[in-house]
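Single-structure report; data block below.
Chain letters run A, B, ... following the sequence lines, proteins first, then strands; residues in each count from 1. Only heavy atoms go into these numbers, but all of them, side chains included; no hydrogens, no water, no symmetry mates. In this text the structure is predicted, and so the values were computed from the model without any measurement.
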Amino acid sequence: MSLPKTYEPSNYEPTTYALWEVSGVFKPKGKGQPYGIVMPPPNANGNLHVGHALSFDLEDMLVRYHRMIGEDAVLIPGSDHAGFETWVVYEKELQKQGKTRFDYSREELYGQVWDFVEARRGDVGLQLRALGVGADWENSVFTLDTKVIATVYETFHKLWEEGLIYRGERIVNYCTHHQTSFADIEVVHKEEKGKLWHIAYPLLDKVGEIVVATTRPETMLGDTAIAVHPNDERYKDMIGMQVQVPLVHREIPIVADEAVDMSFGTGAVKVTPAHDPTDFEIGKRHDLSVVEVITTEGKISPEASQQFAHQDIAQARAGVVNMLEAEEIIRKVENHVHNVGHCYKCGTTIEPLIKDQWFLRIGELAKPAIKSIEAGEVKFVPASKGKLVVQYLKNLRDWNLSRQIPWGIPIPAFQNEADHSDWVFDTRVDDETIEVNGKTYRREEDTFDTWFSSSQWPYIVTNHLQDMPSGMPGASLKRFYPNSVMETGHDLLDRWVARMIMMGLYRTGKVPFEEVYMHGMVLDEKGQKMSKSKGNVLNPMEVIAKYGSDALRLGVIMNRSAGQNQAFSPATVVAGRNFCNKLWNIARFIEPHVEKFGTSKPEAKSLADHWVLARLDTARKDIDSFLKQYRFAEAADLMYHTIWGDVADWYLEASKTESNRSVLTWVLETSLKLAHPFAPFVTETIWSTMEGDRPLLAESAWPKKPEYDIIAAGEFDRLCDLVSEIRFVSSDLPGAKQALLYGSDVLVADNSELIKRLGNLKEIKSTEQPQGLRLAVPGREVWLDVEEDVMYEHQTKLELRLAECRDRIVRLQTRLDNSGYVDKAPKAVVEQTREELKEQIELERRLGKELDVIED
RNA sequence: GGGUGAUUAGCUCAGUUGGCUAGAGCGCACGAUUCACAUUCGUGAGGUCGCAGGUUCGAGCCCUGCAUCGCCCACCA
């Protein structure tokens with residue numbers, strides 16, 4: 001025996017992967033129906049987690065399957081510079097060295113982070129290989145590769161030329177710790193307990209005051225108006241009057257604006273355009289001046305208040321409240337729970353600040369995307385995600401593209417030193433200043449939001465926009481746009497998938513992919529979200545080291561449905577590991593019988609032969625259908641049970657009585673093929689151990705329908721029914737093996753050796769004078785030869801079964817007596833019920849006879 | 001506040017045009033075993049499918065309401 005007793009994944013996985021890689025099987029062939037998946041690029045800097053394992057395993061399964069059914073399948077890998085994510089990690093490194101970002105230029109920092117990432121970049125590739133992910137490594141793309149930057153610049157330029165890009169002072173979400181702004185989507189809102197202060201502002205045009213309610217009294221230093229609702233009777237008379245801001249004694253107007261909610265607080269709101277998005281909008285409508293109170297460091301600015309200058313926000317708030325109390329103009333303080341934005345990395349409260357940023361107008365881009373999705377040009381699995389994304393696209397506001405971090409693609413824009421409103425597009429981003437038409441322009445120091453480049457990933461990776469002669473390396477990838485399917489986590493629906501559809505349509509006029517499969521999150525064993533801060537992140541490499549890569553794959557895909565979060569289950573991984581070992585031992589059993597591998601044609605002789613061919617063929621068809629519907633867990637489950645149950649437990653056991661080399665060979669080949677997408681390593685390892693000239697399993701063809709006789713296969717089903725009944729009845733019987741007696745029963749007569757082995761019987765004898773327990777199997781004339789007292793013990797069990805059987809008969813009969821059912825249900829269903837009833841009546845008769853014998 | 005998902009066996013979960021006695025893995029009980037595999041084999045126990053109504057010949061699945069848990073989105077100061 002050339003294979004050891006148990007499968008040890010770590011002994012084979014690396015060499016098996018090398019086999020694939022050397023053979024070039026993962027590269028596109030250039031002919032056949034294109035099937036391309038672009039991998040959501042993992043962060044180049046860092047380790048994979050189990051969620052990645054799920055994602056990449058699903059992609060790999062799809063690609064392996066489509067390759068085997070003859071398509072030109074490719075998985076194009078990549079890695080992500082992950083702008084902000086990586087920057088956060090690197091900034092911590094800087095901190096350790098006692099440095100900050102301000103000690104270096106943008107170029108220096110970019111270079112440092114590049115080296116930092118480069119040193120760890122290989123790890124991700126190794127981890128992906130350990131997962132068994134068969135990707136086209138030569139065409140791997142890094143998100144900062146020249147071709148990426150070039151395309152991103154083209155896109156930005158096109159958007160600029162078409163007026164879809166603008167630079168504007170807007171309220172941005174600013175993290176004072178990371179010193180950068182964020183897109184709305186990157187802000188995490190949390191409920192916080194705060195206070196609602198009611199503060200009286202004295203009127204200047206008449207005696208009196210107007211009371212406003214605020215959660216942020218310190219921002220009153222920057223108030224430039226009070227706003228009320230135009231329909232609010234309480235304040236109608238005051239609209240247009242001037243009031244005085246306490247503490248700073250600025251005169252500001254009372255304006256009417258529909259954005260004000262009459263029912264909240266006092267119905268009057270202080271307007272601080274510099275630090276609140278709504279206030280900013282009100283400010284624009286009423287042409288209010290803007291006073292910035294809070295700096296990018298999160299301190300009070302000296303321009304706003306000498307008194308509170310350089311204090312942090314909490315301190316200033318306390319100070320302001322104190323002074324207001326001293327002036328006796330706080331009318332009321334309420335407890336108030338409200339949502340506050342936080343940095344998703346460090347938890348710092350996000351400050352809405354005014355900054356000059358680059359924005360992308362979303363409206364015109366979102367419309368075609370919505371239309372395409374609604375027209376079904378992009379199909380979502382699960383379908384509900386399509387509706388969600390449309391909802392999201394309809395409510396999108398303009399996209400802030402600017403990030404104040406050096407690790408990213410520099411924004412290719414320059415500002416006229418003499419005229420700050422004059423900006424030009426230029427890609428010479430390495431020059432701090434450039435000359436255009438005799439004027440000096442200074443470069444923008446900000447970089448793009450990572451998702452701006454990521455949103456263009458499908459057409460960049462496939463070189464779709466590049467003008468390439470067909471022979472050129474990389475030109476062959478063009479046929480993979482639009483991608484066949486985008487497989488990614490449902491958490492990226494908004495920030496990535498929606499944007500890819502928008503940008504894909506914008507640049508190429510085509511949707512970037514035809515289908516989207518969204519997997520759910522892999523939670524920890526207790527069902528909690530995995531996160532670094534909780535320390536419950538599971539490294540897939542540890543799981544692989546313990547159980548093997550295939551076991552991990554089976555463990556994460558089984559028992560899981562699309563879009564649904566689910567806890568990681570070590571028990572399922574163990575089940576996967578055991579399955580691999582089962583396959584291994586199936587191979588060990590069949591190996592001595594194997595004829596030439598790779599060209600086998602099964603010649604079925606016995607009933608079992610016909611049956612196993614039928615079972616594998618049916619399984620193949622059903623796996624096809626499951627995989628086409630992205631029902632991975634069901635496909636894997638079917639594969640698992642067909643191989644373990646049908647092949648191992650029935651067919652191999654049967655072949656111990658009568659073996660058929662050609663069928664055994666085909667069964668092993670076919671099992672390996674069906675299992676390959678789900679367990680690539682162990683199947684390829686076994687495949688390569690067998691005799692015969694043939695390609696690697698990974699490049700072999702998916703099984704085709706073999707020749708078999710459906711009647712013979714059905715006969716074997718009858719035989720299995722009999723064996724199951726024998727086992728069921730004898731499991732209760734005390735003592736040694738039983739003997740089976742039969743009357744005129746051809747199936748039993750022809751297969752007595754087989755039945756004896758499978759039923760674990762002492763012997764099988766033909767008899768004219770039956771005795772013992774008559775077995776209640778429709779169509780059979782068989783008895784278990786047992787002593788009388790044993791029969792009495794068995795009586796209760798029989799009675800129970802008889803009762804159940806009668807119960808069923810009543811139910812079936814009632815159903816058939818119901819004219820509504822007979823008239824309205826499909827004929828086939830009614831027919832089935834009739835058949836069922838006939839069978840049950842037959843069973844009842846047999847059970848009755850069995851009991852009669854005992855009672856006599 | 002809006003949206004969305006979940007609720008099925010002791011545990012983790014499948015169950016896609018409504019149709020046989022609701023399934024899997026793990027766990028549990030009983031039994032087996034030199035001859036592919038104890039990472040094994042055989043047998044079994046265990047479920048009013050969250051609750052209440054409705055539609056239907058027929059509902060785990062469709063409709064309405066309720067309850068509990070989760071996730072996402074959101075500029076009520």
Atom [atom1] of [X] to atom [atom2] of [N]: distance rounded to whole Å?
X	N	atom1	atom2	result
Gln566(A)	rG25(B)	CD	C1'	11 Å
Gln564(A)	rC71(B)	CD	C1'	10 Å
Ile686(A)	rC37(B)	CD1	P	15 Å
Ile726(A)	rA32(B)	CD1	C1'	17 Å
Glu218(A)	rA77(B)	CD	C1'	12 Å
Phe632(A)	rC13(B)	CZ	C1'	18 Å
Arg560(A)	rG15(B)	CZ	C1'	17 Å
His229(A)	rC76(B)	NE2	P	17 Å

*Do we get Arg317(A) above Trp197(A)'s six-membered ring, with its NZ or CZ under 6.0 Å from the centre and within 45° of the axis?*
no

_Using a 6.0 Å distance limit plus a 45 degree cone around the ring axis, check whether Arg170(A) lies over the aromatic ring of Phe359(A)._
yes

*Give a yes or no on whether the ring-centroid distance for Phe589(A) and Tyr651(A) is below 6.0 angstrom.*
no

_Ring center gap for Phe380(A) and His490(A) short of 6.0 angstrom_ = no

Applying a 3.5 Å limit to both distances, which nucleotide forms a Watson-Crick or G-U wobble pair with [N]?
N	value
rC28(B)	rG44(B)
rC73(B)	rG1(B)
rG53(B)	rC63(B)
rU39(B)	none
rU34(B)	none
rG58(B)	none
rA14(B)	none
rA6(B)	rU68(B)

Report the nucleotide, chosen from [options], that has the shortest atom-to-atom distance to any side-chain atom of [X].
X	options	answer
Arg588(A)	rU39(B), rC37(B), rG19(B)	rC37(B)
Arg811(A)	rG25(B), rG19(B), rU21(B)	rU21(B)
Asp649(A)	rU12(B), rG42(B), rG3(B)	rG42(B)
Asn559(A)	rA24(B), rA36(B), rA77(B)	rA24(B)
Glu634(A)	rG15(B), rG25(B), rC20(B)	rG15(B)
Val829(A)	rA77(B), rG19(B), rC37(B)	rG19(B)
Glu8(A)	rA36(B), rU39(B), rA77(B)	rU39(B)
Glu653(A)	rC37(B), rG5(B), rU43(B)	rC37(B)
Asp494(A)	rA77(B), rC73(B), rC75(B)	rC73(B)
Glu836(A)	rC72(B), rA77(B), rC20(B)	rC20(B)

*Scan Arg216(A) against the nucleic acid and name what it touches under 4.0 Å (heavy atoms): base, sugar-phosphate only, or nothing.*
nothing

Ignoring backbone atoms, establish whether [X] has a side-chain N or O less than 4.0 Å from OP1 or OP2 of [N].
X	N	result
Lys270(A)	rA77(B)	no
Asn578(A)	rU40(B)	yes
Arg757(A)	rC35(B)	no
His275(A)	rA77(B)	no
His338(A)	rC75(B)	no
Lys529(A)	rC72(B)	yes
Trp644(A)	rC41(B)	yes
Ser561(A)	rA14(B)	yes
Arg834(A)	rC20(B)	no

Has the side chain of [X] got a donor or acceptor atom sitting under 3.5 Å from an opposite partner on the base of [N]?
X	N	answer
Lys737(A)	rA32(B)	no
Lys582(A)	rC37(B)	yes
Arg727(A)	rU43(B)	no

*Which of these passes side chain to side chain contact (heavy atoms under 4.5 Å, CB included) with Ile586(A): Leu664(A), Ile643(A), Val667(A)?*
Ile643(A)

*Gap separating the OG1 atom of Thr272(A) from the CD atom of Glu218(A), nearest 0.5 angstrom*: 9.0 Å

*Would you call Asp524(A)-Lys526(A) a salt bridge at under 4.0 Å N-O?*
no

*Should the pair Trp584(A) and Tyr12(A) be assigned to parallel (<30°), tilted (30 to 60°) or perpendicular (>60°) ring geometry?*
tilted

